[in-house]
Each structure stands twice: as structure tokens, then as C-alpha cells.
Amino acid sequence: MIRSLFQSKARNPIHERCSSDSFTQLRSKYALYYRIAEKQNGTRVTVDGKDLVMLASNEYLGLSQHPKVIEAGKTALEKWGSGTMGARSANGGRGFHRELEEELADFLGKQACHVFSAGYLACMASITGFAQRGDCVLVDKNMHSSVWDGIRLSMASVERFSHNSASHLASLLEVLDPQQAKLLAIEGVYSMEGHIGDLPALVDLAEQHRCFVSLDDAHGLGVLGENGRGTAAHFGLTEKIDIICGSLSKSLASTGGFVAGDAELIEFMRTHSKQSIFSAAISPAQAACAQAALRVLQEEPEWNQRLWANTRRYKALLDELGLDTWQSETPAIPIVLGTREKAYYFWKRLWEKGVFTIISTAPGVPPGKDLVRTAISARHSEEDFEIIESALRYAASKM
Ligand code: PMP
């Protein structure tokens with residue numbers, strides 16, 4: 001009934017836009033994105049009846065299969081039910097939010113923390129909660145989309161600097177009004193490139209020019225630093241970074257996000273970011289799984305050790321095959337092919353041989369950097385490596 005009503009509606013310009021968009025047509029033709037897995041078991045997924053090794057997961061430590069994480073999710077569901085009824089600012093706050101926030105703040109070396117139902121919201125709030133019209137946000141040009149959206153909403157002016165370039169940032173800072181409030185937005189680990197942010201140089205400049213520093217460490221948490229405390233801890237710079245934001249959907253094996261900093265800053269953000277005021281609070285099961293993963297991270301350092309052992313092994317294989325990994329230094333490792341066609345061809349060969357990866361092409365990456373994005377996990381086993389290796393050898397030999 002609903003369907004027939006919809007079809008009989010007269011077409012309008014937005015319908016025309018949707019049906020003629022070339023990118024949407026390309027996506028449907030090649031079925032590259034929005035794949036649905038019928039089954040998932042550890043590092044394996046089944047898509048359209050085909051079993052594949054997942055080589056594109058952001059869940060670097062593979063903790064979503066951990067018995068403690070699963071048990072915590074079940075217990076929270078039984079104790080609290082499935083939802084939170086509303087926003088934290090109104091009726092959605094629960095005891096488990098406070099617990100998770102305190103543990104996360106401690107772990108990150110900050111006084112306070114606020115959790116959101118998505119990392120995207122948290123990273124937007126890391127800007128909208130602090131920057132205002134008249135301020136200037138200085139941002140690495142390869143920054144995640146959530147931060148760009150936060151900048152737009154904040155109404156601050158924006159200055160982009162070349163990826164990870166302290167010299168470009170310095171030249172921008174030189175000509176800005178010393179009295180203007182400035183916010184530097186950078187990432188700990190840039191996940192498309194696998195690069196570690198040059199925090200020592202960038203944070204030093206920020207200090208010289210009295211910039212507020214916001215670090216998106218979605219991909220550094222669980223990966224870098226002692227016990228996976230993240231990129232700020234890795235460089236011993238936690239105190240010089242005002243805000244650390246990130247996602248619970250990567251190493252913390254859940255969904256959601258966080259912003260951590262001094263108590264005064266977090267209180268200010270809670271009353272100035274629409275993402276915390278108007279969006280429903282993270283659900284009990286999501287929060288409990290992240291909290292359990294956070295504890296596993298600290299109690300079982302072997303996951304982080306396994307992640308790095310697998311990363312070294314995988315990187316050595318890619319180097320041996322002569323593949324361009326954009327000088328990745330982390331478990332997020334792109335294979336740069338250079339054109340959309342080559343990236344598609346390489347991706348397809350891996351798929352045929354049972355390996356799930358993701359394509360990223362311009363404008364998502366700079367021109368000439370079209371790539372297949374891969375990420376290794378602590379969970380990849382000897383058997384997974386055999387499949388990955390033979391698929392990569394096959395794909396590389398066909399290029
Ligand atoms: N920041 C970065 C750097 C990310 O890579 C992502 C997700 N890919 C996010 C923020 C948003 O996190 P989430 O997916 O949990 O919404």
C-alpha cells in the first residue's frame with residue numbers, strides 16, 4: 001500500500017537528482033559499498049554466500065568476540081533494558097554513563113569525559129562545543145569528515161594546512177591575529193593513510209601561538225601508547241592536548257564516541273554542543289561493551305602485542321610484493337593503486353580470492369592516490385594469513 005502510494009507521486013527535482021547521479025549509478029553497478037554480510041564469525045564474514053576474510057575492520061583488537069565483552073553487553077541489557085529514553089541533557093543520563101566516562105577519563109589521563117551514541121557526534125562536538133563565530137580553526141586537510149562538519153556548524157573561520165605539515169601550520173599561524181581565539185584540530189592516526197600525526201611539532205606550535213588543541217584519536221586508541229592509551233600518551237603529550245575525542249567503534253568493539261578533557265571544558269561542551277544536548281544518550285549495551293573492552297585492554301596487553309606482531313608480518317608481505325603502502329606506520333594500511341580503475345581491479349581480485357577490502361577513490365583521497373584500504377587485526381590467525389597472502393600474491397601478479 002505505502003509503496004504504491006509513493007510510486008504514484010509526481011516526480012520533483014530531488015527525485016531527478018537522485019535518479020541521475022553518476023556516483024550512485026557507479027556504486028550500484030559495481031556493488032562496491034553497502035555490502036551486507038549474512039554471517040560474521042571473528043575475522044570471517046559471508047557475503048552473497050561467499051566466505052571472506054575481513055581485512056578492512058576498524059576493530060583493531062578484535063574484542064567484539066571477547067567473552068567478557070559479550071557478557072557485559074548481555075548483563076547491561078537485562079539490567080537496564082535496551083534504550084535510554086532521551087538525551088543526556090534531559091532524561092537519558094544513567095549510572096552506567098558516569099561509570100564509563102570516569103574509566104575512560106582515567107585511562108586517557110584526563111579529568112572528565114562525555115560519551116555519545118556515535119563517534120561522529122563526539123568528533124563534531126569536539127569543535128562545536130568550543131569554537132565560535134570569530135574564532136579560527138586550523139585543521140589538517142586530511143581530517144575526518146565529522147570534524148569538518150563540526151567546523152561548519154561552529155561558524156568559526158577555517159584555515160587548512162597540508163597533511164601533517166608543521167611548516168605549513170607555522171606559516172598560517174604567523175599571519176593570524178595573535179588575539180584571535182584559535183583551535184588546532186588534528187588526528188592521532190590518519191586511518192586512510194595509516195600515518196601517525198606529528199604531534200610533537202604541531203602541539204609545540206600550538207603552545208607558542210596559544211591555540212586550543214583538539215585531537216581525534218579514533219584510530220590511535222587501543223593501538224598506540226602503553227596499554228593502548230593512544231597517540232597523546234605515545235608521545236607523552238597528554239597534558240598539552242586540551243581535548244581528546246574518538247570513537248568506541250574501533251578498538252573498543254562497540255559503537256559510540258567520547259570527548260575527554262579538563263572537567264571545566266567538558267562541562268562547557270555539555271552546554272554548548274548540540275550533539276550532546278539534542279541527541280539520545282548511548283544505550284546500555286553499547287556502553288557496557290565499550291567499558292568491558294576498555295578493561296580487557298588494560299588487563300590483557302597480549303591483544304595489543306598480537307596486533308603489532310600481525311602488523312609487522314603483514315607490512316613485510318606488502319613490502320615484499322612491492323605494493324605502495326603510503327608509508328603507513330600503523331595497522332591501517334592502504335594499498336595505493338593510483339587510479340579508480342586499478343583500485344577496482346585489485347579489489348576485485350582480492351574479493352575473488354576470499355578477502356574483503358574497501359576501495360577509496362578521489363575525491364575521498366587526493367587525485368592519484370586511489371587505493372584499496374586494508375587493516376590488520378589482532379584476531380587474524382595463521383589460516384587467515386594464508387588466505388590473505390595468496391590473494392595478495394594473485395592480485396599483485398595480475399597488475
Ligand atoms: N573520527 C575518525 C578519525 C574516524 O575514522 C571515524 C570513523 N571512521 C569517526 C571519527 C567517527 O566514528 P564512528 O564511526 O564511531 O561514528
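In listed order, ligands and their atoms are each counted from 1. Positions are given from 1 along the sequence.
Judged by a 6.0 Å distance limit and a 45° cone about the ring axis, Arg270 is not positioned over the six-membered ring of Phe268. Geometrically, Arg373 does not engage Trp347 in a cation-pi contact, judged by NZ or CZ lying under 6.0 Å from the ring centre and within 45° of the ring axis.
Exactly one residue among Asp140, Asn142, Asn164 makes a side-chain hydrogen bond (donor to acceptor under 3.5 Å, both in side chains) with Tyr190. That residue is Asp140.
Relative orientation of the Phe356 and Trp351 rings is tilted, given thresholds of 30° and 60° on the angle between their planes.
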May I have every N or O pair linking ligand 1 to the protein at under 3.5 Å, one per line with atom names and distance?
unit_1, atom_1, unit_2, atom_2, d
ligand 1, 1 (N), Asp216, OD2, 2.7
ligand 1, 5 (O), His219, NE2, 2.6
ligand 1, 8 (N), Lys250, NZ, 2.8
ligand 1, 15 (O), Gly119, N, 3.2
ligand 1, 15 (O), Ser247, OG, 2.7
ligand 1, 15 (O), Ser249, OG, 3.1
ligand 1, 16 (O), Gly119, N, 3.2
ligand 1, 16 (O), Tyr120, N, 2.8

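Here the straight-line distance linking atom SG of Cys245 with atom CG of Leu121 works out to 11.5 Å at 0.5 Å rounding. Here Ile333 contributes atom CD1 and Asp319 contributes atom CG; the two are 8.5 Å apart, rounded to the nearest 0.5 Å.
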